[in-house]
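Written out below as structure tokens is the structure these notes cover.
Chain letters run A, B, ... following the sequence lines, proteins first, then strands; residues in each count from 1. The basis for the numbers below is simple: all heavy atoms, side chains too, and nothing from hydrogens, waters or symmetry mates.
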There are 2 protein chains.
Amino acid sequence: MATIVVPKHFSIQEDAETIRKACEGWGTDEKAIIAVLGHRNAVQRKQIRQAYEDLYQEDLIKRLEKELSGDFERAVYRWILDPADRDAVLANVELRKSSDEHPVLVEISCTRSPEELLCIRRAYHARYKRSLEEEVSDKTKGETRQLLVGLVTAFRYDGDEVNTKLAKSEAEELHEAIKDKKFNHEDVIKILTTRSKMQLQATFNCYREAQGSSIAKNLPTDAKEEYVATLRVAIRCLKDSKKYFEKVLRNSLKRLGTDEDAITRVIVTRAEKDLKDIKEVYQKRNSMPLEEAVDNCTSGDYKDMLLSLLGNEL
Amino acid sequence: MATIVVPKHFSIQEDAETIRKACEGWGTDEKAIIAVLGHRNAVQRKQIRQAYEDLYQEDLIKRLEKELSGDFERAVYRWILDPADRDAVLANVELRKSSDEHPVLVEISCTRSPEELLCIRRAYHARYKRSLEEEVSDKTKGETRQLLVGLVTAFRYDGDEVNTKLAKSEAEELHEAIKDKKFNHEDVIKILTTRSKMQLQATFNCYREAQGSSIAKNLPTDAKEEYVATLRVAIRCLKDSKKYFEKVLRNSLKRLGTDEDAITRVIVTRAEKDLKDIKEVYQKRNSMPLEEAVDNCTSGDYKDMLLSLLGNEL
């Protein structure tokens, strides 16, 4: 379930005017901007952008980029974008990093629904004049390329049907591959990139039952290879995306070395989806509400924005 | 341009009634069925199916399957389906063949537009409760699997922009790979499965300019491997789909050994798209109108249906 709180009564036109006022004159009224944007859903934010452009012949995003700064600016920028367009931006930012690992790309391709992933690929075309898989192919190579391209191009079947026999045999196939350290076997890639999520979850359960421990834990942690790292993230995202997101937040919310990018990404992308559930997983795992951790590790307008998205009442 | 001729005035309701009448009593009035269905576009055919179901509480497709037979039945069945659903059926039929080559699958993935291919994948889910790439992965292996999965999962950029420098360097890469007989090099697969069609056409032109002959002709014809055969079909479809379809028709329209399946497939899938252009290519290449060749090689209601789709006036 989503966390953001949208008031019962408001007007898109007034929202645009409020934001305009907040941007005019000396300084910027960040609180007013949070009070509006932090409490509107994707469709409403799109309407506000349109209303703002109609009223003032100015692109709201460009104006906010001028007015805001730092982590707060980035959070607002990420939040105001249409979800598919935002994911296209996140994927592109990730692919421009020099690292050979691209965990955010794996996260996007494995935690979004099949239809959402298609929309992201469409948004990628519109924004970057090339395809997402083209970019991935250009930036990676070998087995990692094969796995990543398979993940971003997948359009997994989304139904509930599970083939139990297949789950058992593929759990065994995965076990054999891991035992022989053939993580890059073509059938490992095939299983992870083409099976439906329900089917994969059944397969991972069979694996755990047969081997006594989870598949992600059976991958070597000392392997420095980007391929194994990519495989691990994919398995964790496909297995239980809420647990995966909880772990990203837990690793990012540290007083020393807070990872603002990761916190922003998870909160912004999940606030309209399942952040309520992720909050519950977080509370259970850390014996502390997620809001408290965010409150401890962030500050200023950035903190206020995150807390709004986490469901703070108006 | 399309070939089918749709009359200016007609009523969907009356169409459904006409078909019903044609199916009732002794025998079937095939001519009446062709006069209606052979002259309605995809949207109209869908409406006729719906109107028929509303009027007679009977699935029109099932009724026609009972009434018709042979090549004619198959042509009507293919034609009446929604284009994306039809391609899903064609892909599935192809994947159930025992052969290791799947030229029809390559044809579907390389000659449809990127958005059309997404619709086909969606139709595949709905009809077969699994993904198209899952089926392809299960039925193939090794390098052929890698190429085929890449082709069916591609969502190529559809714009006109061409990077000339890239076209030159990739033409050279392809040449090196062919010279060294490394047809399955990962970069060959990458180029063919991720670049936009405009980009690939520029690359193939650069190849021809530099090497003096086309890339498809430089692939060894004696190679019995399914991989090279798959690669050749992909290159021909991506290079010039109209020429490709002309060749399929030319090879199928033989007095001895007519390939009705291929003729039906090309005429049915292109009649609302570019069959007029394919007809022109055919006429130039064979000094004979396509209609004449079809008239010579087919007969009966099947022939009448094909000629209707080829643009016979009512």
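Taking A:R122, A:Q146, A:E115 one by one and counting their heavy-atom pairs under 4.5 Å with chain B, the maximum is reached by A:R122. When each of A:Y124, A:Y128, A:Y157 is scored by its heavy-atom pairs under 4.5 Å with chain B, the top score falls to A:Y157.
Residues that satisfy the salt bridge (charged side-chain N to carboxylate O under 4.0 Å, His left out) test with A:K197, not counting sequence neighbours, are absent from this structure.
The shortest non-hydrogen separation linking B:R121 to A:T153 is NH2-O, 2.8 Å.
For a residue to count as touching a neighbouring chain, one of its non-hydrogen atoms must lie under 4.5 Å from one of that chain's; by this rule B:A126 does not touch chain A. Looking at B:Q199, neither its backbone nor its side chain comes within 4.5 Å of chain A, counting heavy atoms on both sides.
For a heavy-atom cut-off of 4.5 Å, chain A lies close to B:K129, B:R130, B:S131, B:E133, B:E134, B:S137, B:D138, B:K141, B:G142, B:R145 in residues 129-145 of chain B. Applying a 4.5 Å heavy-atom cutoff, none of the residues of residues 170-177 of chain B approach chain A.
Other residues, nucleotides and ligands place no more than 12 heavy atoms under 6.0 Å from the CZ atom of B:R74.
Contacts classified as salt bridge (charged side-chain N to carboxylate O under 4.0 Å, His left out) and involving residues 152-168 of chain A (residues at least two apart or in different chains) are not found.
Between B:K190 and A:V149 the shortest side-chain heavy-atom distance does not fall below 4.5 Å.
Formation of a donor-acceptor pair under 3.5 Å by the B:H125 side chain with backbone atoms of A:F155 is found in this model.
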